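Please read these numbers as outputs of a predicted model, since none were measured by experiment. Only heavy atoms go into these numbers, but all of them, side chains included; no hydrogens, no water, no symmetry mates. In what follows, chains carry the letters A, B, and so on, assigned in the order in which the sequence lines appear, proteins first and then strands, with residues in each chain numbered from 1.
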Protein chains: 2
Amino acid sequence: MTPDVFCDQLRNHGRRVTPQRRAIIQVLAETAGTHPTAEQIFTRVQATMPDMSHATVYNTLHELVEIGLLLELGLGVREHRYDINISDHAHMVCLGCGRVVDVPCDCSGVDIPPEQAQGFVLTERHLVFRGYCPDCLAAMEDE
Amino acid sequence: MTPDVFCDQLRNHGRRVTPQRRAIIQVLAETAGTHPTAEQIFTRVQATMPDMSHATVYNTLHELVEIGLLLELGLGVREHRYDINISDHAHMVCLGCGRVVDVPCDCSGVDIPPEQAQGFVLTERHLVFRGYCPDCLAAMEDE
DNA sequence: ATGATTGCAAATACTTTGCACACCC
DNA sequence: GGGTGTGCAAAGTATTTGCAATCAT
């Protein structure tokens, strides 16, 4: 999905396309697969737009999440992480370095039978695995 | 699991059993199923022990998590929530009121095949569903 | 033109830290 | 007695807010 598609989608949803938003979307595209934090996105955007403010970054990220173009990942670590890969997939989180990696997820079968949903209407499903990545495992062996 | 078992486990792990820790464990037992936040636990304990400090609550919760007697849930909301039900289960989170409800989870089959694990060694799996609870759905209809 | 969006700076919310004193084993 | 555990208060980190000025449409 190219940055232009994002801009179109913004307009379709009655939102304006500003240079700031373009820059943020650009960074999201460049960092695809790294699951950056809001702060990381902020820092990177600030490199080209020194006046960028936190408010704008957070606003824009929330809007993209609302529109459904961006995933906000609550992984149990301090900060949220963002993922422009909105296809159905799971995540592995390294407890050592915090790295987040995509895993193709075949959890289409993992649904809650209505009799157990207790009246909830569910819209999202997220599967998270935690453990240690190869690098952190190697570092642990060295000690 | 009774509070006494928790105390024994603490001792087994070389930790001391203090009145503060007893009180926190007591509250965890009383609030089972509500997935309280650290702050909620703090407030409740403070009712009987006015001198209780945040530090002690956080320390104790972390210790219990380390020992494996308590689950720390990162659900994508601001705060962590704690769960003394350590059996394998999933959670439903209400995006309206923040309520967290247990769901029996048969996701024993949902594992990552080694060829996709990219060298990760995984120790935890957590399945989270998001949506709206019956109460919030009803409130939305009223508008 | 008009209202959405921005930058700023301060506020908020949750959690962690450092340290002297207290208390469990 | 020795060292873990505690309370206090302050600091840290992530995110949100209010508002006047600015800019996209």
Practice problem: Measure from the side-chain heavy atoms of B/R16 and tell me the nearest of D/dG5, C/dT17, C/dT6. | Solution: D/dG5
Quiz item: For the pair made of CD1 in B/I24 and C1' in D/dG7, what is the distance, rounded to whole Å?
Solution: 12 Å
Quiz item: A/S53 has a side chain; which of D/dG7, D/dT15, C/dG7 sits nearest to it?
Solution: C/dG7
Quiz prompt | Heavy-atom donor-acceptor pair, A/R11 side chain to A/V17 backbone, under 3.5 Å | solution = no
Quiz item: Taking C-beta and beyond as the side chain, do B/V57 and B/I24 meet within less than 4.5 Å on heavy atoms?
Solution: yes
Exercise. Could you check how far CG of A/D8 sits from C1' of D/dA24, rounded to whole Å?
Key: 15 Å
Quiz item: Of the candidate nucleotides D/dG5, C/dT5, C/dT16, which contains the atom at the shortest distance from the side chain of A/E63?
Solution: C/dT5
Practice problem: Could you work out which one of C/dC8, C/dT15, C/dT16 sits closest to the side chain of B/H80? | Solution: C/dT15
Practice problem: Could you work out which one of C/dC8, D/dT6, D/dT15 sits closest to the side chain of B/Q20? | Solution: D/dT6
Exercise. Answer with base, sugar-phosphate or nothing: what part of the nucleic acid does A/R78 contact at a heavy-atom distance below 4.0 Å?
Key: sugar-phosphate
Exercise. Describe the nucleic acid contact of A/P50 in one word from base, sugar-phosphate, nothing, applying a heavy-atom distance below 4.0 Å.
Key: nothing
Exercise. Ignoring backbone atoms, test whether B/T18 places a side-chain nitrogen or oxygen under 4.0 Å from the OP1 or OP2 oxygen of D/dT6.
Key: yes
Self-check item: Selected nucleotide, minimal atom distance to A/P19 side chain, candidates C/dC23, C/dC14, D/dA24
Solution: D/dA24
Quiz item: Among B/R81, B/R130, B/H126, whose side-chain hydrogen bond (donor to acceptor under 3.5 Å, both in side chains) with B/H91 holds?
Solution: B/H126
Quiz item: Looking at A/Y58, does any N or O in its side chain come under 4.0 Å of the phosphate oxygens OP1/OP2 on D/dT15?
Solution: yes
Quiz item: For B/R15 and B/E66, what are the C-alpha separation, side-chain angles and deciding distance, and is it a salt bridge (charged side-chain N to carboxylate O under 4.0 Å, His left out)?
Solution: CA-CA 12 Å; B/R15 303 261 163 58; B/E66 248 179 68; 3.4 Å; yes
Self-check item: Atom-to-atom span, CG of B/L61 to C1' of D/dT6 - whole angstrom
Solution: 15 Å
Quiz item: Quick one: B/N59 CG to D/dG7 P, roughly how many Å, whole number?
Solution: 10 Å
Quiz item: According to the interplanar angle, ranging from 0 to 90°, do the rings of B/F42 and B/H54 count as parallel (below 30°), tilted (30 to 60°) or perpendicular (above 60°)?
Solution: parallel
Quiz prompt | Between C1' of D/dG7 and CD of B/Q46, the distance in whole Å | solution = 11 Å
Quiz item: Between D/dT16, C/dT6, C/dC25, which nucleotide gets closest to the side-chain atoms of B/R11?
Solution: C/dC25
Quiz item: Between B/R15 and D/dT4, does any side-chain N or O lie under 4.0 Å from OP1 or OP2?
Solution: no
Quiz item: If you pin B/E39 and B/V17 to their nearest nucleotides in DNA chain C, which one's is more 5'?
Solution: B/E39
Quiz item: Could you give the CG-to-P distance, from B/D51 to C/dC21, as a whole number of Å?
Solution: 17 Å
Practice problem: Please state how far atom CE in B/M49 lies from atom C1' in C/dA22, giving the value in whole angstrom units. | Solution: 13 Å
Quiz item: Rounded to the Å, how far apart are A/R21 CZ and D/dA24 P?
Solution: 11 Å
Quiz item: Closer than 4.0 Å, any side-chain N/O of B/H62 to the OP1 or OP2 of C/dT16?
Solution: yes
Quiz item: Starting at the 5' end of DNA chain C and moving along, which residue's nearest nucleotide shows up first, B/E79 or A/G14?
Solution: A/G14
Quiz item: Are A/Y58 and A/I67 connected in the hydrophobic side-chain network, where two residues link if heavy atoms are under 4.5 Å apart?
Solution: no
